[in-house]
2 protein chains.
Amino acid sequence: MDTMTDLARTPKHIGNLIRRTRRKLGLSQAELGNKAGFRQETISLIETGNPATKLETILAVLAALDLEFHIVPRSKGDSGMIEDIF
Amino acid sequence: MDTMTDLARTPKHIGNLIRRTRRKLGLSQAELGNKAGFRQETISLIETGNPATKLETILAVLAALDLEFHIVPRSKGDSGMIEDIF
DNA sequence: CTGAATTATCGGATATGGCACATATAAGGT
DNA sequence: ACCTTATATGTGCCATATCCGATAATTCAG
């Protein structure tokens, strides 16, 4: 009934989710960077939606937040066009 | 009962899934590259698990295959340590 | 086996990540 | 207001993505 999985079609989606999760865990960007093996500045860039972030960096940050990617067929129903309302 | 979502914790997971899907669709790397806006060589690198691929590149390739990322909590049961058998 | 298609690899060029370090804003609490 | 923390921005540096063009190397059909 409610979205149990978080769609992530754009770097901004991913950044937003990372920020939300980090805050939910009470971590600062510096602390998260520490856990993931990157600098605070790097976390900042990711959270603001830098599209050129390296895949390995994203994966490490997700892992540090106990998150992971799943790859699924693009769900036709699920808002076909997302305009990144933020 | 069967895996409806594809776990993607490493660049190799992602590369393998992209390759499988591309072949299922009967596309060559060059054709996929075309659709996604990249060169055949770039697709080759992705499929072989290059960890430094840019996020935007992966997202474009997934979209060209009608796939997308979902971000979900790391499933404890789901093979905690994946050794990328390929 | 042979030729065509597919995939992998090499060199040079340009762009950008993430590092280190510094600093500038922005938020938050008292 | 003040001070501390948190987040964003800037420069120089090295590594590497992706581009382009060319070419190995591999796979596949006949």
Side-chain angles (χ1 to χ4, degrees), chain A residues 6 8-69 71 74 82-86, chain B residues 6 8-69 71 74 82-86:
Chain A
D6 254 288
R9 283 184 188 171
T10 70
K12 285 194 182 181
H13 292 156
I14 296 172
N16 285 333
L17 180 56
I18 285 176
R19 173 162 288 174
R20 282 202 291 110
T21 307
R22 173 179 61 79
R23 288 188 168 150
K24 190 173 302 180
L25 296 180
L27 298 171
S28 68
Q29 290 182 342
E31 290 169 325
L32 174 55
N34 241 25
K35 279 188 73 162
F38 296 93
R39 307 178 51 74
Q40 173 264 317
E41 294 87 332
T42 300
I43 306 297
S44 173
L45 284 171
I46 290 172
E47 290 187 353
T48 51
N50 172 18
T53 307
K54 290 187 200 170
L55 179 59
E56 59 184 348
T57 306
I58 292 289
L59 291 171
V61 171
L62 289 180
L65 292 171
D66 266 297
L67 296 176
E68 65 191 7
F69 277 137
I71 299 180
R74 238 164 140 79
I82 294 173
E83 208 36 62
D84 261 330
I85 337 184
F86 233 89
Chain B
D6 255 287
R9 284 186 188 169
T10 71
K12 286 195 180 177
H13 293 155
I14 296 171
N16 285 333
L17 180 56
I18 285 176
R19 175 162 288 176
R20 282 202 292 110
T21 306
R22 173 179 61 78
R23 288 189 168 149
K24 189 173 301 179
L25 297 180
L27 298 171
S28 69
Q29 290 182 343
E31 290 169 324
L32 175 55
N34 240 28
K35 280 189 72 164
F38 295 93
R39 318 194 69 232
Q40 172 263 317
E41 295 86 335
T42 300
I43 307 297
S44 173
L45 284 171
I46 291 172
E47 291 186 354
T48 51
N50 173 18
T53 306
K54 289 187 202 170
L55 180 58
E56 60 185 347
T57 306
I58 292 288
L59 291 171
V61 171
L62 288 180
L65 292 170
D66 265 298
L67 297 176
E68 65 192 6
F69 278 138
I71 299 181
R74 237 161 142 69
I82 292 172
E83 207 38 62
D84 262 330
I85 339 182
F86 231 94

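Here is the naming used below: chain letters follow the sequence lines, and residue numbers restart at 1 for every chain.
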Interatomic spacing from [atom1] in [X] to [atom2] in [Y] - rounded to 0.5 Å:
X     : Y     : atom1 : atom2 : value
A:F69 : A:L55 : CZ    : CG    : 7.0 Å
B:L59 : B:L67 : CG    : CG    : 11.5 Å
B:R19 : B:Q29 : CZ    : CD    : 5.5 Å
B:E56 : A:T10 : CD    : OG1   : 11.5 Å

Out of D:dT18, D:dA8, D:dG21, which nucleotide sits closest to the side chain of B:N50?
D:dT18

What's the [atom1]-[atom2] distance between [X] and [N], to the nearest Å?
X     : N      : atom1 : atom2 : result
A:K54 : D:dT18 : NZ    : P     : 11 Å
A:L45 : D:dT9  : CG    : P     : 8 Å
B:L59 : D:dT18 : CG    : P     : 12 Å
B:R39 : D:dT23 : CZ    : C1'   : 13 Å
A:Q40 : D:dT9  : CD    : P     : 11 Å
A:R19 : D:dA6  : CZ    : C1'   : 10 Å
B:E47 : D:dA17 : CD    : C1'   : 17 Å
A:E56 : D:dA17 : CD    : C1'   : 11 Å

Which atom names give the shortest non-hydrogen contact between [X] and [Y], and what distance separates them?
X     : Y     : result
A:G49 : A:P11 : O-CB, 3.3 Å
A:L45 : A:T48 : O-OG1, 3.0 Å
B:A8  : B:I14 : CB-CG1, 3.6 Å

Between B:L55 and B:E41, which residue's closest nucleotide on DNA chain D lies nearer the 5′ terminus?
B:L55

Using a 4.5 Å cut-off on heavy atoms from C-beta on, say whether the side chain of A:I46 contacts that of A:F38.
no

Side chains of A:R20 and A:D6 in contact at under 4.5 Å (non-hydrogen atoms):
yes

Determine yes or no for a side-chain-to-main-chain donor-acceptor pair under 3.5 angstrom, with B:R22 supplying the side chain and B:L27 the backbone.
yes

Mark yes or no for whether B:N16, through its side chain, and B:K12, through its backbone, hold a donor-acceptor pair below 3.5 Å.
yes

Terminal axes of the helix from C:dC1-D:dG30 to C:dT30-D:dA1 (five pairs each): angle between them, nearest 10 degrees
70°

Walking along DNA chain C from 5' to 3', note the first and the last nucleotide with an atom under 4.0 Å from a heavy atom of chain B, and give both.
C:dT7 to C:dT9

Below 4.0 angstrom, which residues in residues 21-36 of chain A have at least one non-hydrogen atom near DNA chain D?
A:R22, A:S28, A:Q29

Can a side chain N or O of B:T57 be found less than 4.0 Å away from OP1 or OP2 on D:dT18?
yes

